[in-house]
Amino acid sequence: MASQVKWHCHGFGDFGVQQLYEVLQLRDQVFVVEQQSIYGDLDGLDQRCWHLSGRDGRERLVAYARLLAPGVKYPDAVAIGRVVIAPDRRGGGLGRQLVRQAIHHCEQLYPGRAIMLSAQASLQRFYEGLGFVVQSEPYDDGGILHLDMRRHNACA
């Protein structure tokens with residue numbers, strides 16, 4: 001199932017109107033409605049990010065993450081954020097594939113830089129399995145416990 005996904009990474013200005021709507025709709029569906037987390041998803045950072053989208057054979061958005069340059073969220077590290085999988089595509093390895101793609105693009109865009117993310121605490125082991133190490137105590141973010149996690153870039 002996950003192997004049929006086509007990946008595309010681009011800047012904000014390369015979004016088509018429909019593509020941007022689909023990304024915002026998926027983020028809203030999962031982060032706000034499903035997880036019942038009331039927070040400002042439109043945080044003013046999207047325009048400064050690289051956007052990684054995974055689409056299935058019907059061109060439906062099934063996976064998404066955004067990549068932030070060093071200094072945007074963390075002073076010395078690239079950040080991966082807004083990691084989301086369409087609800088009907090979970091459990092088949094697509095999340096792991098998405099994060100691996102995000103790591104790959106971070107390494108290509110920002111060689112030698114560590115990668116950070118704010119992981120939901122319930123996903124700590126998932127991210128540890130991809131080389132991330134906990135860097136903080138749990139903290140509340142939108143009503144959900146999160147942890148800062150760091151991965152040293154393979155090119156470092």
> Which heavy atom of Leu67 sits nearest to which heavy atom of Leu109, and what is that distance?
CD1-CD1, 4.2 Å
> Is the shortest side-chain N to carboxylate O distance from Asp76 to Arg113 below 4.0 Å?
no
> Drop me the distance from Cys49's SG to Lys73's NZ, to the nearest 0.5 angstrom.
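The distance works out to 10.0 Å.
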> In this structure, which one of Leu98, Ile80, Val83 forms a side-chain contact (heavy atoms from CB on, under 4.5 Å) with Leu52?
Leu98
> Using 0.5 Å steps for rounding, measure from the CD atom of Glu107 to the CD1 atom of Ile115.
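So the CD of Glu107 and the CD1 of Ile115 are separated by 5.5 Å.
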> Flag the pair Arg66 / Asp46 as yes when at least one side-chain heavy-atom distance between them is below 4.5 Å, and no otherwise.
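A side-chain contact exists here, since the closest heavy-atom pair is under 4.5 Å.
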> Scan side-chain atoms only and decide if Gln97 and Gln101 contain a donor-acceptor pair under the 3.5 Å cut-off.
no
> Report yes or no: do Leu42 and Tyr21 belong to one cluster of Ile/Leu/Val/Met/Phe/Trp/Tyr joined by side chain heavy-atom distances under 4.5 Å?
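Per the 4.5 Å side-chain linkage, Leu42 and Tyr21 are not co-clustered.
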> Keeping the roles fixed (side chain from Arg151, backbone from Val133), state whether a donor-acceptor pair exists under 3.5 Å.
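Checking the backbone N and O of Val133 against the side chain of Arg151, no donor-acceptor pair under 3.5 Å is found.
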> Between Asp141 (side chain) and Ile144 (backbone), is there a donor-acceptor pair under 3.5 Å?
no
> When rounded to the nearest 0.5 angstrom, what is the spacing between CD in Glu59 and CD in Gln18?
12.0 Å
> Inspect the contact between Lys6 and Asp56 and indicate whether a charged nitrogen and a carboxylate oxygen are less than 4.0 angstrom apart.
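Result for this pair is no, no salt bridge flagged.
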> Show me the donor-acceptor pairs within less than 3.5 Å that the side chains of residues 31-38 make with the rest of the protein, sequence neighbours left out.
from, atom 1, to, atom 2, distance (Å)
Glu34, OE1, Arg90, NH1, 3.4
Glu34, OE1, Arg90, NH2, 3.2
Glu34, OE2, Arg90, NH1, 2.7
Glu34, OE2, Arg90, NH2, 3.4
Gln35, OE1, Gln120, NE2, 3.0
Ser37, OG, Gly142, O, 2.5

> Is a salt bridge present between Arg60 and Asp88, judged by a nitrogen-to-oxygen distance below 4.0 Å?
yes
> Salt-bridged, Asp43 to Arg82, with N to O below 4.0 Å?
yes
> Hey, what do you get for CZ (Phe12) to NE2 (His51), rounding to the nearest 0.5 Å?
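If we round to the nearest 0.5 Å, Phe12:CZ and His51:NE2 are 6.0 Å apart.
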> Is a donor on one side and an acceptor on the other found under 3.5 Å between the side chain of His105 and the backbone of Arg100?
no
> Give, for atom CE of Met116 and atom CD of Gln135, the distance between the pair rounded to the nearest 0.5 Å.
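With rounding to 0.5 Å, CE (Met116) is 5.5 Å from CD (Gln135).
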> Roughly how far, to the nearest 0.5 Å, is SG of Cys9 from CG of Asp14?
10.0 Å
> Any chance you could pull the hydrophobic cluster mates of Leu45, using side-chain heavy atoms under 4.5 angstrom and chaining through other members?
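Besides Leu45, the cluster holds Leu68, Val72.
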> Taking the side chain as everything from C-beta on, heavy atoms only, tell me whether Asp28 gets closer than 4.5 Å to Asp41.
no
> For a 4.5 angstrom cut-off between non-hydrogen side-chain atoms, does Leu24 reach Phe15?
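Contact flag for Leu24/Phe15 side chains = no.
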> Mind checking whether Val84 and Leu20 sit in one hydrophobic cluster, side chains of I, L, V, M, F, W, Y counted as touching below 4.5 Å?
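Yes, Val84 and Leu20 fall within the same hydrophobic cluster.
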> Please find the pair of heavy atoms, one from Leu147 and one from Ala121, that lie closest to each other, and give the distance.
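Result for this residue pair: CD1-CA, 4.0 Å.
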> Mind checking whether Pro138 and His146 have side chains closer than 4.5 Å, heavy atoms only?
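In short, these two side chains do not touch, never coming nearer than 4.5 Å.
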> Given side chains that start at C-beta, do those of Tyr139 and Ser118 come closer than 4.5 Å, heavy atoms only?
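Answer yes - side chains close enough.
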> Any non-hydrogen side-chain atom of Arg150 less than 4.5 Å from a side-chain atom of Tyr74?
no
> Between the side chains of Arg27 and Glu22, is the shortest nitrogen-to-carboxylate-oxygen separation below 4.0 Å, so that they form an ion pair?
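Arg27 and Glu22: not salt-bridged.
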> Are any side-chain N or O atoms of Ser136 and backbone N or O atoms of Asp148, one a donor and one an acceptor, separated by less than 3.5 Å?
yes
> Return the minimal non-hydrogen interatomic distance between Ser53 and Tyr64, and the atom names on each side.
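Smallest heavy-atom distance, with atoms named: OG-CD1, 4.0 Å.
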